[in-house]
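For reference, the structure is listed below as structure tokens.
Only a predicted model underlies this, so the values are computations on that prediction, with no experimental measurement involved. Just so it is clear, the values below take in all heavy atoms, side chains as well, and ignore hydrogens, waters and symmetry mates. Both counts, for ligands and for their atoms, begin at 1 and track the order of listing.
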Amino acid sequence: MSHNYIVGFPRIGEQRELKKALELYWANKTDFKAVEEVASTLKARHWHYQKEAGIDFIASNDFSYYDSVLDTAVMLGAIPARFQGLENEALYFSMARGNKDAVAMEMTKWFNTNYHYIVPELSLEDSYALNAKKIIEEYKEAKALGITTKINLIGPITFLGLSKRIDRGDTYELFGKILPVYEALLTEIAKLDETITLQIDEPIFVKGVEPRVLSLIKPCYDALCTVSDNINIIVTTYFEHSNEATKVLVHTPVWGIGLDFLYGEKNVASLELIHKSGKKLVAGVVDGRNIWKNNIAKTATLLENIAQKVAKEHIIVSSSCSLLHTPFTLKYEEKMDAEIKNWLSYAVEKLDEVALVSKVFFGVSLNDAEQKALQANETANKERQNSQRIHNTTVQNRVSSFTKVARDGKFEERIKLQREQLGYKDLATTTIGSFPQTPEVRKARADFKKGNISAEAYETEMKNYIDDCIAFQEACGLEVLVHGEPERNDMVEYFGEQLDGYGFSQNGWVQSYGSRCVKPPFIYGDISRPKPMTVEWMTYAQSKTDKIMKGMLTGPVTILNWSFVRDDMARGDVSKQIAVALSDEIDDLQKAGIKMIQVDEAAFKEGYPLRTENIEDYESWAVRDFKISVSTAQKETQIHTHMCYSEFNDIIRTIEAMDADVISIETARSGNKLLKIFKEVGYKQEVGPGIYDIHSPRIPSVEEMVEQIKLLLEVLPKEQLWINPDCGLKTRKYEEVKPSLINMVKAVEIVREGL
Ligand code: GLN
Ligand code: ZN
């Protein structure tokens, strides 16, 4: 009897082996065979980790050279016309990354994670045909190693839900074309073994699907289940509850249903139905998207509660989602504080947790090592709960009694004072904060971190950069300057490093997209600011120019959303602590003479909940905490914010409620279309719609920027507009930035003359 289960395992490699192999291949330094060899080693290693941990259901086809949604598109033969004629890896990587003749397919966020998938492009004219090679070969590859896997697959309804139609139509209209390809696939899969377990991921169900989508579930799974009776299908969802879909699935012949009981607590409402249906329940109870050690005793209790409704013999203990969203192993965390390290668990450690908790739950007798592990788990959890490093009563008292949740003065009053004092013109020019990160600056930061250069040498290097950056901006004719952020490696890490309550890993890499990984810092305790974080750099920069120097901070919601967050406190309470720390920083900046401060909220929108029913709660604390962070700003101090996207239609009132004096946004690629909502709702505050796309090396001409500004002026009056690029410039080169900014300033002059 099989009792435990892993939804999926990360694939990039514990030393990012796949990343390195892919990048060498892309740079033409190796052939694809070299990548395939690395891939085989990784797959074998990951299967063995799971086998050795005692996992019963181990996945195949959770590996990918780039992305699983892209793999699914290839499996279905959903190849956009511009890639026709290409084959195999040339085709695959062209779809993912583009080639000299064809632009890459779009990429977007996988639900509310920081993983990005490739968006399939579908068309009613296309026909689809099965390519089962990868799935079949991966199963055989594991089998040859003595491991029988369950096969992972992205489900047809989720695939359609995440795709786009090139003619903008409804992707679900293609259901009738796609389903037969899945049926053909299952026919092939059925031949592989006597019995096969197939995990079909349908995370789209957690978004509270509409009736017309719900109506596809029964025909879809009735059809797939009748392909062959040797396939046991488990339909899996994660990140939220999927009660609406479960209600339908229990009336199909699927063998099991996989649910997330951590991020979808409300799934318990479906337990009775599942019990009546006699189906297996894959119960996601070990956190697949955070880094904290599981509390085995608590998880066993959660499982016991589930077992009140569903018979034990039908329960399979599982990770809450694929472990793709956690780093690999604590093995390489050599520098981490031992106490804190003992609170953590990465993917490899989570395998042992799933195995152990399933033994405890099913009453399997534990051997000595397991007894010890259980004991150690209890101790670690107790120590974490009681640690002095987590609880800071001074912070708690201050934050709970923090009542100043808004700035003084209404916007109209503030902006009048600000414009008098700051004296900037209509259509004022500025940038979003960072300037190109030169090799010298990166080297100086790295050398300083390693202790290879002194603090003085480092400071000199940074100041030189700031001097040059200011001189450069003055030469370009920009009106509101920035210091260029040379001291920041990352907009969250930089602040995390200076806040108490934050931890960092050495090797906590998580795949973000393709070969790209991020290493999010983690919040383990109450957050406070021991000393000012940016004041010295800002005052230095301001001393070097007579123009306005804009201070630069990352906002509380973005800091939260790009970190692993402690699981013993509500997210909104953690965010409030960060906000209070930032409010002190703003107070210090303004006391030091900084008159304009930007608080970036690049990740404000991506923090939105998956289900509309939870939006109100998120917005209430997210807006509150942005406002708390700027609450210390006097009326005369101008607060800017920046957000890296342009679709504000759904959230415009929320953005307005944040009450920043100026917001800069990313609208460069859509003319003035997306700006219209600001006019429609009578938005009063000032707006800087990015007028050129910094994500491309292309240098925009004066003429096109003049046109772009004129388009903006059709929507909003000149008094309300700022002119800037659409995001920070750190990924660009000075050779690209210089002509672009000079052209931007020229364009503004031309437009101003014409007014
Ligand atoms: N101030 C940051 C920068 O310019 C903002 C980055 C971002 O929006 N992602 O780099
Ligand atoms: Zn941005």
Side-chain angles (χ1 to χ4, degrees), residues 107-109 114 116 429-438 441-442 445 462 465-466 469-470 472-473 478 480-496 512-513 516 518 520 533-534 537-538 541 549-563 582 585-586 589 594 596-607 626 629-630 638-648 655 658 660 662-670 674 687-696 722-734 736-737 740-741 744:
M107 189 168 68
T108 195
K109 260 172 182 298
N114 209 354
H116 301 71
T429 51
T430 190
T431 60
I432 306 303
S434 59
F435 268 73
Q437 294 251 325
T438 58
V441 141
R442 286 179 202 275
R445 260 199 332 254
M462 294 300 122
Y465 180 102
I466 294 172
C469 186
I470 290 174
F472 175 84
Q473 292 172 75
L478 288 159
V480 169
L481 310 194
V482 295
H483 77 300
E485 306 181 21
E487 77 288 14
R488 303 181 193 180
N489 175 34
D490 173 273
M491 66 190 285
V492 170
E493 189 179 54
Y494 179 75
F495 292 95
S512 171
Y513 64 87
R516 205 183 138 92
V518 293
M533 303 182 282
T534 63
W537 296 122
M538 292 320 308
M549 178 55 61
K550 181 165 66 166
M552 202 53 64
L553 303 173
T554 303
V557 185
T558 298
I559 292 185
L560 186 87
N561 281 336
W562 283 345
S563 305
L582 288 169
E585 184 72 13
I586 291 191
L589 280 169
I594 303 300
M596 197 183 275
I597 301 164
Q598 180 173 310
V599 181
D600 289 325
E601 282 293 16
F604 186 87
K605 198 172 168 191
E606 71 181 55
F626 180 84
S629 65
V630 302
Q638 185 165 76
I639 297 294
H640 288 225
T641 189
H642 165 70
M643 297 190 182
C644 295
Y645 31 82
S646 38
E647 265 292 351
F648 288 101
I655 301 299
M658 291 167 75
V662 184
I663 182 172
S664 60
I665 56 177
E666 182 197 288
T667 44
R669 277 169 286 185
S670 53
L674 294 158
V687 187
I691 70 156
Y692 80 87
D693 177 12
I694 63 91
H695 305 90
S696 148
W722 285 67
I723 302 300
N724 42 259
D726 71 353
C727 196
L729 301 163
K730 78 172 177 202
T731 55
R732 297 265 64 86
K733 299 198 174 75
Y734 266 105
E736 297 152 2
V737 166
S740 301
L741 290 179
M744 183 181 93

Heavy-atom distance under 4.5 Å between the side chains of Val441 and Phe435, does that happen here?
no

Side chains of Leu553 and Leu589: closer than 4.5 Å at any heavy-atom pair?
yes

Any non-hydrogen side-chain atom of Asp490 less than 4.5 Å from a side-chain atom of Val518?
no

Check Met552 against Val482 and note the closest heavy-atom contact, atom names and distance.
CE-CG1, 3.9 Å

Give the atom numbers and elements of ligand 1 that come within less than 4.0 Å of a heavy atom of Met491.
6 (C), 7 (C), 9 (N)

Can you list the ligand 1 atoms lying under 4.0 Å from a non-hydrogen atom of His642?
8 (O)

Should you measure from each heavy atom of Met552, which atoms of ligand 1 turn up under 4.0 Å away?
1 (N)

Min heavy-atom dist Lys730 to ligand 1 below 4.0 Å
no

Could you tell me which atoms of ligand 1, counted from 1 in the order shown, lie closer than 4.0 angstrom to a heavy atom of Gly728?
3 (C), 4 (O), 10 (O)

Working to the nearest 0.5 angstrom, can you tell me the gap between Met549 CE and Met538 CE?
5.5 Å

Do Met744 and Pro725 make a side-chain contact, defined as non-hydrogen atoms from C-beta onward lying under 4.5 Å apart?
yes

Atoms of ligand 1 less than 4.0 Å from Gly433 heavy atoms?
4 (O)

Could you tell me the separation between the OG1 atom of Thr554 and the CD atom of Glu493, rounded to the nearest 0.5 Å?
11.5 Å

Could you tell me which atoms of ligand 1, counted from 1 in the order shown, lie closer than 4.0 angstrom to a heavy atom of Ser434?
3 (C), 4 (O), 10 (O)

Only heavy atoms of Asp600, strictly under 4.0 Å: list the atoms of ligand 1 that pass.
1 (N), 2 (C), 5 (C)

Counting both backbone and side chain atoms, is some N or O of Ile432 under 3.5 Å from an N or O of ligand 1?
yes

At the Zn ion (ligand 2), what angle lies between atom NE2 of His642 and atom SG of Cys644, rounded to 10 degrees?
110°

What atoms of ligand 1 come within less than 4.0 Å of a heavy atom belonging to Cys644?
7 (C), 8 (O), 9 (N)

Answer yes or no: is there a donor N or O on one side and an acceptor on the other, between the side chain of Arg488 and the main chain of Phe495, under 3.5 Å?
no

Check whether any side-chain heavy atom of Ser629 sits under 4.5 Å from a side-chain heavy atom of Glu585, and report yes or no.
no

If you measure every N/O of Trp562 against every N/O of ligand 1, is any gap under 3.5 Å?
no

What do you reckon, does Glu485 have a nitrogen or oxygen under 3.5 Å from a nitrogen or oxygen of ligand 1?
yes

